[in-house]
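Comments concern the structure below.
Keep in mind that the numbers below use all heavy atoms, side chains included, and drop hydrogens, waters and symmetry copies.
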Amino acid sequence: MRVSTPRYQQIARQLGDKLRGGTLAEGDKLPSVRTLSQELGVSINTVQQAYYCLEAEGLIEARPQSGYYVRTLIDRLGNVPRRSAPQATARQPLQADQESILLRLMHQQRQPGWLPFSLSVPAPSLLPVGKLMKALQQAQRELPHGGIEYELMTGNAALRRQIARYALFWGSPLTDEEIITTEGCTAALTLCLKAITQPGDTVAVESPIYFGILQTILSLGLKILELPTDALTGVDLDVLKSHLQAGHVQACLLVPNFSNPLGCCMPNAHKQRLVQLMETYQVPLIEDDLYGDLHFGPDRPLPCKAFDRQGLVLWCGSVSKTLAPGYRVGWVAPGSYFDALLQVKRYQAGFSPGITQQTVANFLANDRYELHLRRLRQRLKSNCQRYQQTIRAHFPFGTRISEPQGGFTLWVETDARVDTLVLADQLAPHKISIMPGSLFSLQPQYANCMRLSYGLPFDERVAWGLQTIGQLIHQQLKV
């Protein structure tokens, strides 16, 4: 059964509707926490949690010793990264130097003593390690012979049931028979690409886009078309439509909810129109919904799959960013491509490990996952705000910072004279790693940008690390 919506989320939703509807004007002061708690007959903590949700959505702001106010439009939109403008041509080769840079950075972020702002996973201290160990022990008792036997080709039955049950939170009619489990989300994306494309086909993606997706697509002999993307609302659907009309695109692979690295979330109206475009031109959409559960607002954003009526959306997910990165547990609901994808898995991927899937299934049961997510979202939201505050205080004036409403990555756009590849080398002696922006495209762009993960809990060392990055950027600008 669906868990009832917490009272603070109900209050946040009601207030959010009023704010968006213009009941309160920009700059207006909201009722104090104590006043609103008395008016609504709820605890002060409940009102505080509701205000925190609205603050995370960028609708209100807290002013020291004054209270909460409606944020102005310029505050919310004036300093976000500019809309991307990649060239409208499909590309295939990955620059050789990008490979070597990635290998070096990935080696750095795993070294002891480093501050891995480049690592896009939550810190282990934010994850329920002890509870997962108990769930693992339970899984060993439940599975035949302790889990050493092969699973079904479609995956662990208990996990597929739990995924279908959890999808009810966004009103999904999915059944466990429509889901195939995989070894993480990248494996799900790979299976989808193999099932629906042929070498030489063109796949449309956001720009900037996670370099792992670029590598995955290119490894299959496919071309990539990067689409202009807004830092708040996602891909430009008019540009996508023009490419679909011209027959340039054979598949789309998009991250509508809290994309990596921008953190943008497509409005529902955009998602609905996107699916309609897929239906009009009969082009499949691979939806990477890896970050959908990490929303800062009161409600989980809908996936594009919620608007799918013809089975053209292949919905992919995982717990790699929310629960257990090393377990490599993911899934896909491939719609009309179920048989084709299962055949690819049978011949090229094989069986998925049952023990970790049963463990995750046990954790998803009894609402433990949702309770964990509430705490994780609160921590990540707090991290995001404190990282942003520190960056604004120590980076050069004019620095643009993304305003993610979920996930755990910030996209930072610095002065055009800054080279973040050089910056990454300058940070190495300080044992600080970042992801330079040029790695998130096949085109020569984003050289002055970087991705920073706020999956690390904010503390004095994190603050020092961000300050050091800011100092080195200032030094680059003095040269």
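Contact check for Ile286 versus Trp315: no side-chain heavy atoms found under the 4.5 Å cut-off. Considering only heavy atoms from C-beta on, Asn257 stays 4.5 Å or farther from Tyr291 through its side chain. Two residues are said to be in side-chain contact when any heavy atoms from C-beta on lie closer than 4.5 Å; Ile432 and Trp114 fail this criterion. Residues Gln272 and Asn268 have side chains not in contact (no heavy-atom distance under 4.5 Å, counting atoms from C-beta outward). Side-chain contact check for Met450 versus Leu452: some heavy-atom pair is nearer than 4.5 Å. Here the side chains of Cys384 and Gln388 are in contact, with some heavy-atom distance below 4.5 Å. A heavy-atom distance below 4.5 Å is found between the side chains of Leu115 and Trp464. Residues Leu410 and Pro404 have side chains in contact (heavy-atom distance under 4.5 Å, counting atoms from C-beta outward).
Every residue two or more places apart in sequence or in another chain that forms a side-chain hydrogen bond (donor to acceptor under 3.5 Å, both in side chains) with Gln162 is listed here: Arg165. Under the rule for a salt bridge (charged side-chain N to carboxylate O under 4.0 Å, His left out), Arg368 has no partner lying at least two apart in sequence or in another chain. Applying the side-chain contact (heavy atoms from CB on, under 4.5 Å) criterion to Thr390, with sequence neighbours excluded, gives His394, Phe458, Leu466, Gln467. Remark: Arg83 engages Asp236 in a salt bridge (charged side-chain N to carboxylate O under 4.0 Å, His left out) (not counting sequence neighbours). In this structure Arg386 satisfies the salt bridge (charged side-chain N to carboxylate O under 4.0 Å, His left out) test with no other residue, sequence neighbours excluded. Lys271 meets the salt bridge (charged side-chain N to carboxylate O under 4.0 Å, His left out) test with no other residue; sequence neighbours excluded. In terms of the ring-ring contact (aromatic ring centres under 6.0 Å, His included) criterion, residue partners of Tyr166 (sequence neighbours excluded) are, by chain and number, Phe169, Tyr369.
Between the CD1 atom in Ile217 and the CG atom in Leu214 there is a gap of 6.5 Å [rounded to 0.5 Å]. Note that CD1 of Ile101 is 10.5 Å distant from CE of Met435, once rounded to the nearest 0.5 Å. The CG atom of Leu189 sits 5.0 Å away from the CG atom of Asp288 when rounded to the nearest 0.5 Å. Rounding to the nearest 0.5 Å places OH of Tyr8 at 6.0 Å from CD of Gln49. How far CD1 of Ile196 is from CG of Leu341: 9.0 Å, rounded to the nearest 0.5 Å. In this structure, the separation between CG on Leu274 and CG on Leu254 is 6.0 Å, given to the nearest 0.5 Å.
Judged by distance alone, the side chain of Thr202 and the main-chain N or O of Ile224 form no donor-acceptor pair under 3.5 Å. Here the side chain of His295 pairs no donor or acceptor atom with the backbone of Gly407 at under 3.5 angstrom. Checked by atom type and distance alone, the side chain of Thr399 never pairs as donor or acceptor with a backbone atom of Phe395 at under 3.5 Å. In this structure, Lys223 contributes its side chain and Val249 its backbone to no donor-acceptor pair below 3.5 Å. In this structure a side-chain-to-backbone donor-acceptor pair under 3.5 Å is present from Glu206 to Val255. Checked by atom type and distance alone, the side chain of Thr182 pairs as donor or acceptor with a backbone atom of Gly184 at under 3.5 Å. Here the side chain of Ser318 pairs no donor or acceptor atom with the backbone of Leu290 at under 3.5 angstrom. In this structure, Glu226 contributes its side chain and Leu442 its backbone to a donor-acceptor pair below 3.5 Å. Ser207 places no side-chain N or O within 3.5 Å of a backbone atom of Leu227 that could act as its donor or acceptor partner. Looking only at distances, a side-chain donor or acceptor of Arg451 sits under 3.5 Å from a matching main-chain atom of Ser118.
Under 3.5 Å, the side chains of Ser438 and Gln445 contain no donor-acceptor pair of N or O atoms. For Thr409 and Tyr210, the side-chain atoms include no donor-acceptor pair closer than 3.5 Å.
Across every non-hydrogen atom of Pro116 and Leu456, the tightest pair is CD-CD1, 3.8 Å. Summarising the geometry of Pro303 relative to Asp289, their closest heavy-atom pair is CB-OD2, 3.7 Å, with the distance given to 0.1 Å. For Gln358 against Ala139, the heavy-atom pair with the smallest separation is CG-CB, 3.5 Å.
Judged as a salt bridge (Lys or Arg N to Asp or Glu O under 4.0 Å), the pairs with a partner in residues 410-420 (not counting sequence neighbours) are, in order, Arg82-Glu413, Asp415-Arg417. Sorted by first and then second residue, the ring-ring contact (aromatic ring centres under 6.0 Å, His included) pairs with a member in residues 422-445 read Phe211-Phe440, Trp411-Phe440; sequence neighbours excluded. Residue pairs meeting the salt bridge (Lys or Arg N to Asp or Glu O under 4.0 Å) criterion with at least one partner in residues 453-471, sequence neighbours excluded, are absent.
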- Task: Step by step, work out the side-chain contact (heavy atoms from CB on, under 4.5 Å) result for Glu287 and Cys316.
- Result: CA-CA 6 Å; Glu287 179 178 21; Cys316 302; over 6 Å; no
- Please step through side-chain contact (heavy atoms from CB on, under 4.5 Å) for the pair Leu174 and Lys305, ending with a clear verdict. CA-CA 10 Å; Leu174 285 175; Lys305 188 67 175 177; 4.3 Å; yes
- Message: Is there a side-chain contact (heavy atoms from CB on, under 4.5 Å) between Leu285 and Leu314? Walk through the geometry before answering.
- Response: CA-CA 6 Å; Leu285 167 63; Leu314 297 87; over 6 Å; no
- Take Arg377 and Glu370 through the salt bridge (charged side-chain N to carboxylate O under 4.0 Å, His left out) test and state the conclusion after the steps. CA-CA 10 Å; Arg377 289 192 290 254; Glu370 181 59 30; 2.9 Å; yes
- Steps toward side chain to side chain donor-acceptor pair (under 3.5 Å) verdict (Arg392, Asn79): CA-CA 10 Å; Arg392 291 190 181 102; Asn79 293 312; over 6 Å; no
- Message: Test side-chain contact (heavy atoms from CB on, under 4.5 Å) on Thr233 and Cys264; report intermediate values, then the result.
- Response: CA-CA 6 Å; Thr233 58; Cys264 56; over 6 Å; no
With a 3.5 Å cut-off and sequence neighbours excluded, list the donor-acceptor pairs that the side chains of residues 119-135 form with protein atoms.
none

With a cut-off of 3.5 Å and sequence neighbours excluded, list every side-chain donor-acceptor pair involving residues 327-334.
residue: Arg328; atom: NH1; partner: Ser320; partner atom: OG; Å: 3.0
residue: Arg328; atom: NH1; partner: Pro325; partner atom: O; Å: 3.1

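Just one of Asn156, Thr181, Asn362 meets the side chain to side chain donor-acceptor pair (under 3.5 Å) condition when paired with Gln357; it is Thr181.
Ring geometry for Tyr454 against Phe408 counts as perpendicular: the plane angle is over 60°, on a 0 to 90° scale with 30° as the lower cut.
Contact check on Asp299 versus Arg13 returns a salt bridge, with a Lys/Arg side-chain nitrogen under 4.0 Å from an Asp/Glu carboxylate oxygen.
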